[in-house]
Amino acid sequence: MTVVESPESIRNMGVDREYIVVTNPITGNSIGQTPITTPEEVRAAFLRAKAAQQAWNALGVKARGKLILAWVDLLWEKQSEIIQAIRDEMGKTETSAFMEVGVIYNTALYYIHHAPRLLRPQTRRSGVPVKHKARLYYKPYGVCGFITPWNYPLLNAWQDLLPAMIAGNTVLLKPSELTPFTSLKVVEMMYQVGIPRDVVQVLTGDGRTGAAVVEQVDYVAFTGSTHTGRRIAMRAAERLIPISLELGGKDPMIILKDANIDMAASGALAGALENSGQVCVSTERIYVERAVYDHFVERIQHYVQRVNLGTGDGIDVHMGSMTSEHELARTEAHIADAVEKGAKVIFGGKRRPDLGPLFFEPTILVDVDHSMQVMREETFGPLVPIMCVENAQEAVRLANDSEYGLSASIHSRDMKRAEAIATQIESGDVHINTTHWIFGTTALPMGGVKHSGMGRRNGPEGLMRFVRPQAVLLDNQMLDRPKLALLDDFTYRVVRILLRLRRRFPRLFL
Ligand code: NAD
């Protein structure tokens with residue numbers, strides 16, 4: 001079996017064009033190749049998208065919503081094809097791929113329903129009542145560029161693309177070089193339901209194509225590593241274009257002593273092992289109060305033996321393959337570093353070549369501390385490092401001792417106390433007694449603080465980032481006469497009366 005570490009770049013014989021070979025991580029076999037889109041081609045795609053944007057915007061939000069609805073219905077009908085496409089290039093379980101379809105279905109319906117209201121022009125309170133009218137319009141940026149990772153090829157692209165399109169932008173999508181086929185398939189479905197080709201274009205390629213997209217577009221939405229995000233932010237700053245960044249995480253889970261320990265132990269595995277740990281919001285470190293530490297470790301050992309690692313279909317397969325040798329090697333390096341510094345592996349820790357080239361056992365580590373990479377750097381693998389803490393306060397302090405701040409979770413039977421503790425954690429979201437559901441809760445904004453990113457996807461915030469407000473102030477010239485300065489004698493007196501009134505009744509005209 002050939003193991004391809006990362007997509008191989010090849011030059012097609014005779015034609016001066018580079019291609020990337022895409023590999024099925026489960027078999028190690030090539031499943032096809034996609035061209036590397038050149039900067040000139042990216043420029044041409046941008047110009048087509050720019051030309052198409054006015055007509056797309058003029059359609060109106062409801063008409064755009066109808067087209068998106070037709071597309072998402074088709075996606076739902078053809079879900080088995082999409083699930084297979086995701087699994088073929090990514091190696092995940094059927095359930096994880098299904099979740100991508102489910103989340104995107106929700107996202108589409110949420111924005112189709114809420115966007116017309118959220119984007120409606122508004123009238124705001126004016127400074128000079130009766131005479132002035134204050135109006136607000138939301139205008140799309142123009143052409144938005146999306147650069148996305150490989151771990152959720154459908155979800156991570158379309159969760160952001162959909163609100164941008166509904167808001168009236170046209171879009172360029174540069175999917176990960178590891179997983180381009182899902183996007184190519186899904187965009188064809190958009191064309192099938194009548195969405196014009198220039199409204200949404202997929203540009204395959206590697207980081208060079210991504211960088212070329214950043215050079216052209218009016219807005220960049222990036223999902224990927226903090227390292228790449230920083231480079232994109234620097235270039236976007238030079239171009240003075242707005243961006244949103246969904247970056248890496250090192251999400252803590254806190255187990256309080258009043259937690260249901262069976263639920264916490266099994267929940268910790270679900271949180272750490274979904275998609276083989278290759279999730280930005282993966283549970284990557286666990287802090288357990290001393291009073292329940294031994295019990296928790298005993299129960300997690302019990303449950304981890306029941307985790308079904310495999311290649312098969314169905315809901316009973318809990319964990320699939322990892323996606324690249326690069327991720328697997330980092331996982332092993334984090335284990336080695338932790339063990340060298342005194343940690344113990346109490347379950348797993350080995351590759352499973354009998355299942356496929358990139359399978360790795362769910363791995364539980366104890367006796368870990370913050371000197372170890374496994375507690376500080378994003379692993380993106382199926383590791384569960386568990387640390388004993390004295391109390392909730394220490395747990396919160398350690399949870400916040402990180403350069404990341406994406407998601408977090410707390411297990412406790414006292415939901416009120418847990419909610420209060422949640423607000424002390426420096427992260428974009430916190431889950432109580434569960435994990436990951438932020439992705440399925442479209443009404444809530446999702447995103448990071450610190451090095452986990454900036455900007456929010458989902459919720460009204462995830463739509464409004466793709467529009468810029470334009471204020472329009474209308475003066476009906478009531479009682480006006482020609483004047484040579486902003487404040488003539490009459491206006492000056494009116495303004496003084498208004499300000500006096502406001503001093504007397506501060507809430508008036510707010
Ligand atoms: P990556 O940063 O290596 O690549 C992401 C994308 O950026 C790819 O499409 C890649 O081709 C492109 N790219 C690479 N160099 C570029 C450059 N110089 N300019 C423009 N584009 C460039 O990340 P990855 O390995 O694909 O994804 C894993 C990372 O993504 C993890 O850190 C994970 O936490 C993060 N992630 C975050 C979220 C979130 O919502 N916060 C979601 C999923 C993944």
Side-chain angles (χ1 to χ4, degrees), residues 5-7 9 20 22 34 36-37 39 42 89-90 92 96 100 103 107 145-160 172-180 182-183 202-217 220-236 239 243-251 274-284 322-331 377-381 403-407 427-429 436 438-439 445-458 462:
E5 284 197 12
S6 58
S9 183
I20 294 176
V22 181
T34 52
I36 296 186
T37 311
V42 171
E89 60 186 5
M90 215 269 137
K92 61 168 61 181
S96 183
E100 296 200 45
V103 166
T107 308
F146 297 81
I147 301 169
T148 57
W150 46 265
N151 59 340
Y152 287 79
L154 175 70
L155 186 156
N156 272 324
W158 303 87
Q159 200 159 36
D160 292 337
L172 302 180
L173 166 62
K174 207 301 277 172
S176 167
E177 50 273 46
L178 273 75
T179 55
T182 304
S183 295
V202 175
L203 309 173
T204 55
D206 55 17
R208 289 168 288 176
T209 306
V213 168
V214 179
E215 291 303 319
Q216 299 297 331
V217 291
V220 176
F222 172 75
T223 307
S225 64
T226 299
H227 171 77
T228 311
R230 186 175 283 119
R231 291 180 67 177
I232 289 177
M234 286 185 331
R235 185 60 194 127
R239 287 199 59 223
I243 53 168
S244 42
L245 302 172
E246 304 283 351
L247 308 178
K250 187 75 199 168
D251 295 354
E274 154 61 18
N275 206 17
S276 306
Q278 303 170 121
V279 194
C280 54
V281 295
S282 204
T283 302
E284 290 227 353
M322 291 187 73
T323 304
S324 75
E325 176 62 30
H326 174 73
E327 304 299 329
L328 210 158
R330 186 172 49 201
T331 301
E377 294 170 21
E378 186 179 46
T379 307
F380 234 51
E403 67 182 34
Y404 292 108
L406 193 54
S407 187
S427 63
D429 66 77
H436 290 65
I438 188 74
F439 274 107
M446 185 251 162
V449 300
K450 301 196 270 190
H451 290 184
S452 290
M454 51 203 264
R456 293 290 180 269
R457 60 162 48 135
N458 285 345

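Order of appearance sets the numbers: ligands from 1, and atoms from 1 within every ligand. Throughout, residue positions are numbered sequentially from 1 according to the sequence presented.
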Chi angles and distances behind the side chain to side chain donor-acceptor pair (under 3.5 Å) call for E89, T182:
CA-CA 8 Å; E89 60 186 5; T182 304; 2.5 Å; yes
Students should find this: residues with any non-hydrogen atom under 4.0 Å from ligand 1. What is the answer?
I147, T148, P149, W150, N151, N156, K174, P175, S176, E177, D206, G207, G210, A211, F222, T223, G224, S225, T228, R231, I232, E246, L247, G248, C280, E378, F380, L406, M446, R457
Checking salt bridge (charged side-chain N to carboxylate O under 4.0 Å, His left out) for the pair R456/E246: CA distance, chi angles, key distance, verdict?
CA-CA 8 Å; R456 293 290 180 269; E246 304 283 351; over 6 Å; no
Classify the ring geometry of W150 against F380: parallel below 30°, tilted from 30° to 60°, perpendicular beyond 60°.
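Correct class here is perpendicular.
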Output all residues satisfying ring pair (Phe, Tyr, Trp, His ring centres under 6.0 Å) with Y404, sequence neighbours left out; order by chain, then residue number.
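Ring pair (Phe, Tyr, Trp, His ring centres under 6.0 Å) list for Y404, sorted by chain: empty.
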Does the side chain of N151 come under 3.5 Å of the side chain of N275 through a donor N or O and an acceptor N or O?
no
Under 6.0 Å from the CZ atom of R330, do we count more than 12 heavy atoms belonging to anything else shown?
yes
